[in-house]
Asks: 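Here it is: the structure, laid out below.
No experiment lies behind these values; they were computed from the predicted model shown. The figures that follow rest on heavy atoms only: side chains count, while hydrogens, waters and symmetry mates do not.
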Amino acid sequence: MTTNDTNTTVGPDSLQSSTAPTLRDHTPSRSSSGPVINWIAKLASGIVLDIRARAPYYVKDWTDAWNYRVVPATALIFFANVLPGIAFSLDLIETTQQYGVAEVLLSSFMAAFIFSVFGAQPLTIAGVTGPITVFNKTIFRIIQRQPDAPNYLRFVGWVYLWAAIIHWVTAILNWCNFLQYVTLFSCDTFGFYVSWVYVQYGVQVVTRQLDSSTLPGALVSIILAILMLVVSFLFQSLSQKTLFQRHVRRFLADYGMPISLIATSGMAYWGRFNSTNPETLPISGAFQPANGRAWLVPFWQLEGKWVGIAFPFGIILWILFFFDHNVSSLMAQGSEFPLRKPPGFHYDFFLLGITTFIAGLLGIPAPNGLIPQAPIHTTSLLVMGRPPKKDDEESRSPSSDEKAPTHISEHRERPIAVVEQRVSNLAQGSLCLVLLSGPFLHVLNLIPRGVLAGLFWFMGADALQGNGMTKKMLYFFRDKKLTAKDEPLTRVRKSRVMLFLAIQLFAFGATFAITQTIAAIGFPVIIMALIPIRTLLIPRLPFTPDELAILDGPTASPFTMESVGGSL
């Protein structure tokens with residue numbers, strides 16, 4: 001295996017013209033047939049074009065995995081996916097008593113297998129998220145208040161089935177083309193919300209132990225959480241300094257978080273820490289669902305009236321997944337990544353309907369795209385290198401030259417390629433299935449909950465660092481003398497930056513607040529409302545076109561957005 005990507009695939013421009021044509025280029029001419037025939041001819045055309053664009057690269061998606069970058073990417077995304085998924089589900093498990101760790105692991109494996117083997121966007125990581133656990137828990141609370149409450153898993157099975165049907169209709173009607181209206185405004189706001197959800201869940205994991213365990217055990221959990229947070233950021237900071245040789249720095253970036261997690265977990269069994277018996281992850285029998293039930297949920301036996309009641313819940317779940325999964329895919333294929341292979345939003349959303357249906361059939365939480373895991377996965381697959389000297393000199397600003405000597409700038413590495421393949425996603429999902437076996441479940445049971453709290457804090461804080469909202473807020477506190485001369489925000493009136501940021505903060509606050517109430521079931525509606533707010537409201541406010549172009553922009557490159565008809 002090599003550390004450099006030897007991919008000789010043609011560039012995005014050539015792919016755009018040959019293998020990823022626009023939907024408009026392949027739809028029948030209106031002059032040749034009536035409007036009804038034209039409409040019928042367009043059905044599923046987005047799915048067809050996605051398959052046609054991606055199919056020529058299917059074999060190469062597997063052969064390109066012969067690259068060292070796949071190894072650290074698998075390790076990193078495995079820990080970043082499975083442990084938060086289990087921790088997110090702890091509240092759901094304890095509240096409903098209908099799910100267990102086995103259900104969460106099986107859901108992660110199913111999503112990884114389907115999207116890595118059959119998907120058009122294998123870089124997108126899907127699994128159990130915080131929003132779906134909030135959704136399922138809120139459904140449980142609502143139906144349990146009813147005097148004739150139905151069987152919970154059967155009701156959820158119908159919710160998932162309705163949502164799956166709407167997923168398939170969405171893909172067939174090419175509604176994923178609405179993604180062209182999703183800009184950084186929506187992605188940054190939703191990403192900001194998800195980051196704070198991670199931080200909040202970390203706090204909840206710790207505070208729960210204050211009530212359920214002894215005071216020494218709870219204090220040790222807090223110490224472990226802080227230790228996990230600090231050590232992870234220490235490894236990340238060292239990887240970004242000029243210390244050590246570049247291979248050492250890349251090793252710290254690749255394996256810093258897994259090493260921190262393993263080492264901090266080991267601390268719980270050292271000396272006096274061990275005597276406090278800090279709480280660890282709960283486990284169930286190997287390959288056994290919760291409460292000893294059968295894996296197949298006979299949801300078709302649900303009473304007729306509850307089938308109808310499940311429909312609006314299915315619509316809300318569709319709204320959540322339409323935004324959450326597609327935004328995850330957009331962020332995994334952001335403009336900062338030098339991608340060369342075409343995307344496939346319509347086809348993958350059809351697959352998401354299949355995974356949602358299977359989840360209801362098996363009685364497991366429905367998986368969907370993960371933030372921030374999806375962009376973390378792509379970042380871990382970056383191939384770093386030095387651009388041509390001419391390009392390097394053109395990209396350097398006077399302010400950056402003042403901060404870094406010329407010889408340092410010349411040796412600074414930048415992303416030159418991404419190892420676009422299917423193996424890392426499939427491998428991390430397969431490891432989730434391995435965890436379902438008895439010996440590895442025992443190992444999982446050894447991980448302290450305090451370490452998971454620290455992992456939540458690290459992932460949440462790390463995502464906040466790179467969020468556009470955070471960067472805008474820090475802009476106001478930055479020393480003007482140390483602000484880069486080419487900083488785009490300097491060309492925008494500060495009052496307009498504050499107005500744009502205030503709208504984002506209001507949307508974030510509304511979303512975060514509603515999830516703390518019984519009305520949490522409706523929070524996907526607020527998230528989806530970000531799109532019309534950006535397209536209809538913000539252009540009417542006193543922003544100039546140049547200011548909006550700086551404050552906002554497309555999430556992904558034109559090459560990626562071509563799959564959904566371009567960008568706003």
Asks: State whether the side chain of E487 and the backbone N or O of A484 hold a donor-acceptor pair below 3.5 Å, judged by distance alone.
Replies: no
Asks: Using the rule given for side-chain contact (heavy atoms from CB on, under 4.5 Å), can you reason through D50 versus S563, listing the C-alpha separation, both sets of side-chain angles and the distance that settles it, and then say yes or no?
Replies: CA-CA 7 Å; D50 287 344; S563 173; 3.2 Å; yes
Asks: With side-chain contact (heavy atoms from CB on, under 4.5 Å) as the criterion, how do Q333 and T555 come out once you've worked through the C-alpha distance, each side chain's angles and the decisive distance to 0.1 Å?
Replies: CA-CA 8 Å; Q333 301 172 97; T555 303; over 6 Å; no
Asks: Between N67 and Q421, is the side-chain hydrogen bond (donor to acceptor under 3.5 Å, both in side chains) condition met? List the steps.
Replies: CA-CA 10 Å; N67 189 299; Q421 40 71 48; over 6 Å; no
Asks: What residues, two or more places apart in sequence or in another chain, satisfy ring-ring contact (aromatic ring centres under 6.0 Å, His included) together with F500?
Replies: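 If we apply the ring-ring contact (aromatic ring centres under 6.0 Å, His included) test to F500, skipping adjacent residues, the hits are F185.
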Asks: Has T355 got a side-chain atom pairing as donor or acceptor with L352's backbone, closer than 3.5 angstrom?
Replies: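 Yes.
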Asks: Take H167 and F350, measure what ring-ring contact (aromatic ring centres under 6.0 Å, His included) needs, and give me the verdict at the end.
Replies: CA-CA 6 Å; H167 277 63; F350 187 89; 9.9 Å; no
Asks: Could you walk me through whether Y255 and F235 pass the side-chain contact (heavy atoms from CB on, under 4.5 Å) test, one step at a time?
Replies: CA-CA 9 Å; Y255 299 103; F235 276 118; over 6 Å; no
Asks: Can K471 and D188 be counted as an ion pair, charged N to O under 4.0 angstrom?
Replies: no
Asks: Taking R54 first and then D348, would you say they form a salt bridge - that is, a charged N and a carboxylate O separated by under 4.0 Å?
Replies: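 No, no charged N to carboxylate O under 4.0 Å.
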Asks: Ignoring hydrogens and geometry, is there a side-chain-to-backbone donor-acceptor pair from T470 to G466 under 3.5 Å?
Replies: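 Such a contact is absent between T470 side chain and G466 backbone.
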Asks: When you look at CZ of F476, are more than 12 heavy atoms from neighbouring residues, nucleotides or ligands closer to it than 6.0 Å?
Replies: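 Atom CZ in F476 is packed in, count exceeds 12.
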Asks: Hey, is R534 close enough to D552 for a salt bridge, meaning N to O under 4.0 Å?
Replies: yes
Asks: Which heavy-atom pair separates V199 from A461 by the least distance, and what is that distance?
Replies: CG2-N, 4.5 Å
Asks: Using a 3.5 Å distance criterion without hydrogens, assess whether the side chain of H377 forms a donor-acceptor pair with backbone atoms of L123.
Replies: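 Indeed, once roles are kept as given, a pair shorter than 3.5 Å links the two residues.
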Asks: Mark yes or no for whether Q373, through its side chain, and I125, through its backbone, hold a donor-acceptor pair below 3.5 Å.
Replies: no
Asks: Does a donor on one side chain sit under 3.5 Å from an acceptor on the other, for N467 and S195?
Replies: no
Asks: Do side-chain atoms of S116 reach the backbone of A112 as a donor and acceptor pair under 3.5 angstrom?
Replies: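 Judged by distance alone, yes, a pair lies under 3.5 Å.
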Asks: Using modelled atom types only, decide if a donor and an acceptor are shared between the side chain of R496 and the backbone of E547 within a distance under 3.5 Å.
Replies: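 Side chain of R496 to backbone of E547, a donor-acceptor pair under 3.5 Å: no, none is there.
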Asks: Dump the intermediate steps for ring-ring contact (aromatic ring centres under 6.0 Å, His included) on F345 and H325, then the final yes or no.
Replies: CA-CA 10 Å; F345 294 95; H325 184 82; 9.0 Å; no
Asks: Measure from the side-chain N and O atoms of Q180 to the backbone N and O of N177, and report whether any donor-acceptor pair falls under 3.5 Å.
Replies: yes
Asks: Should R422 and D64 count as an ion pair when the cut-off is N to O under 4.0 Å?
Replies: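 No.
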Asks: With sequence neighbours excluded, tell me which residues meet ring-ring contact (aromatic ring centres under 6.0 Å, His included) with F244.
Replies: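 ring-ring contact (aromatic ring centres under 6.0 Å, His included) check on F244 returns nothing, list empty.
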Asks: Which of parallel (below 30°), tilted (30 to 60°) and perpendicular (above 60°) describes F456 and Y201?
Replies: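 If you compare the ring of F456 with that of Y201, the planes turn out tilted.
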Asks: With sequence neighbours excluded, give me every side chain to side chain donor-acceptor pair (under 3.5 Å) pair touching residues 71-85.
Replies: N81-Q428
Asks: Salt bridge between R250 and D254, side-chain N to carboxylate O under 4.0 Å?
Replies: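 Judged by the 4.0 Å cut-off on N to carboxylate O distance, R250 and D254 do form a salt bridge.
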Asks: Got L339 and E420 here, is their nearest side-chain heavy-atom distance under 4.5 Å?
Replies: yes
